[in-house]
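One structure below.
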Amino acid sequence: MAIKLATYADLVALPDDVRAEVVAGRLVVSPPPMPEHGRAQRTLGSFVGGPYDDDDGRGGPGGWWLMAEVDVQLSVHDVVRPDVSGWRRERLPKPQRERPISLAPDWICEVISPSNAKHDLVTKRELYARFGVPYYWLIEPERRVLTALTLRDGLWLELGVYDDSAKVRIEPFPAVELEVGRLFFPKDAE
């Protein structure tokens, strides 16, 4: 008997409180995120999303849609929900009318939790390369590190690995000087 491969319809059929994706036709369920995950996600959205999305036409460089945890259909059997993803507006003019978004993002950031590290560092990294996502950032709250990658000829090239003392400008958002340490809870709060 043939195994039925999961699709977006299988995700929609799940209860609203279940966090899941479809990867290679397999349903992958993740536990709810820890507070440090949410902090990194929100802070990145503020520092990068502010000038590149929210300020579009109001003094920031603009030109991007940045969204947290939206469904992205890379193929019929690959539907992911990146922590934060971004599209250049000329490639995705009206994202509010589409669910799932069926265009690979121009940038994805995943916040690594101990429970999902292998999935983000290995499985999704390969998946994002296969579907041509040009930039992939990984934030590791436990190590207080941000890793930035860019896709060149189908392979990931490391742009840099930055610890919580770094202040850097990273492609594809060079107009923002990102204080990496601000992505994490203050050390005295840990």
Side-chain angles (χ1 to χ4, degrees), residues 1-46 48-49 52-54 56 64-142 146-149 151 154 156 172 183:
M1 171 156 67
I3 296 173
K4 179 186 177 280
L5 298 177
T7 66
Y8 186 67
D10 296 295
L11 290 179
V12 173
L14 294 172
D16 288 342
D17 63 338
V18 174
R19 295 174 46 89
E21 299 175 307
V22 175
V23 177
R26 219 177 89 246
L27 202 58
V28 179
V29 178
S30 300
M34 297 295 287
E36 62 211 6
H37 182 280
R39 167 143 178 119
Q41 190 177 14
R42 183 199 58 77
T43 306
L44 181 66
S46 175
V48 174
Y52 278 91
D53 186 341
D54 302 339
D56 193 55
W64 285 78
W65 298 118
L66 287 136
M67 294 176 256
E69 298 192 24
V70 296
D71 294 327
V72 178
Q73 183 165 331
L74 300 170
S75 77
V76 172
H77 300 294
D78 294 292
V79 185
V80 293
R81 186 175 291 164
D83 291 318
V84 186
S85 43
W87 290 262
R88 294 179 191 276
R89 289 185 183 194
E90 67 266 10
R91 289 188 60 238
L92 185 66
K94 298 182 180 185
Q96 68 273 22
R97 301 284 181 235
E98 195 173 342
R99 182 175 178 208
I101 295 174
S102 58
L103 180 68
D106 294 297
W107 167 80
I108 289 177
C109 181
E110 297 285 6
V111 181
I112 309 300
S113 301
S115 63
N116 74 350
K118 181 180 173 189
H119 185 61
D120 289 339
L121 294 169
V122 179
T123 306
K124 284 176 127 180
R125 180 177 167 147
E126 187 279 326
L127 185 69
Y128 296 157
R130 187 161 29 104
F131 286 96
V133 175
Y135 295 95
Y136 186 31
W137 291 9
L138 299 133
I139 297 175
E140 298 179 68
E142 202 166 84
L146 182 152
T147 302
L149 307 168
L151 195 63
W156 289 116
L183 296 171

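Values in this document were obtained by computation on a predicted structure and should not be read as measured data. No hydrogens, no waters, no symmetry mates; every other heavy atom, side chains included, goes into these values.
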Look at the side chain of D106 and the backbone N and O of R88, then say whether any donor-acceptor pair between them is shorter than 3.5 Å. yes

Closest non-hydrogen atoms of W156 and Y136, given as atom of the first, atom of the second and distance, are CH2-CB, 3.5 Å

OG on S113 to CD on E36, rounded to 0.5 Å: 7.0 Å

So ring-ring contact (aromatic ring centres under 6.0 Å, His included) across residues 65-104, not counting sequence neighbours, yields none

Is any side-chain heavy atom of P33 less than 4.5 Å from a side-chain heavy atom of V111? no

Rounded distance (nearest 0.5 Å) linking atom CH2 of W137 with atom CG of L149: 11.0 Å

CD1 (I101) and CG (D71) are apart, to the nearest 0.5 Å, by 8.5 Å

Does atom CD of E142 have more than 12 heavy-atom neighbours from other groups under 6.0 Å away? no

Show the nearest heavy-atom pair for residues H119 and E21, with the distance to one decimal. NE2-OE1, 2.9 Å

To the nearest 0.5 Å, tell me how far H37 NE2 sits from D83 CG. 3.5 Å

Over 60° means perpendicular and under 30° means parallel, so classify the ring planes of W64 and Y52, tilted if in between. perpendicular

Look only at the side chain of Q73 and the backbone of V79, and say whether a donor-acceptor pair between them is shorter than 3.5 Å. no

For L27 and L14, run side-chain contact (heavy atoms from CB on, under 4.5 Å): C-alpha distance rounded to whole Å, both residues' side-chain angles, the deciding distance at 0.1 Å, then the answer. CA-CA 11 Å; L27 202 58; L14 294 172; 4.2 Å; yes

So R89 and D53, do their side chains get closer than 4.5 Å, heavy atoms only? yes

Using modelled atom types and a 3.5 Å cut-off, is there a donor and acceptor pairing between side-chain atoms of D78 and backbone atoms of A24? yes

Mind checking the CG-CD spacing from L121 to E140? Nearest 0.5 Å is all I need. 6.0 Å

Closest contact, heavy atoms only, S85 versus I108: CB-CG1, 4.2 Å

Starting at CG of L92, measure out to CG of L103 and round the result to the nearest 0.5 Å. 6.0 Å

Any idea which heavy atoms bring R19 and P31 closest together, and the distance? NE-O, 3.6 Å

On a heavy-atom basis, the closest approach of N116 and D120 is ND2-OD2, 2.9 Å

G49 versus L66, closest heavy-atom pair with distance: CA-CD1, 3.5 Å

N/O donor-acceptor pair under 3.5 Å between R99 side chain and V70 backbone: no

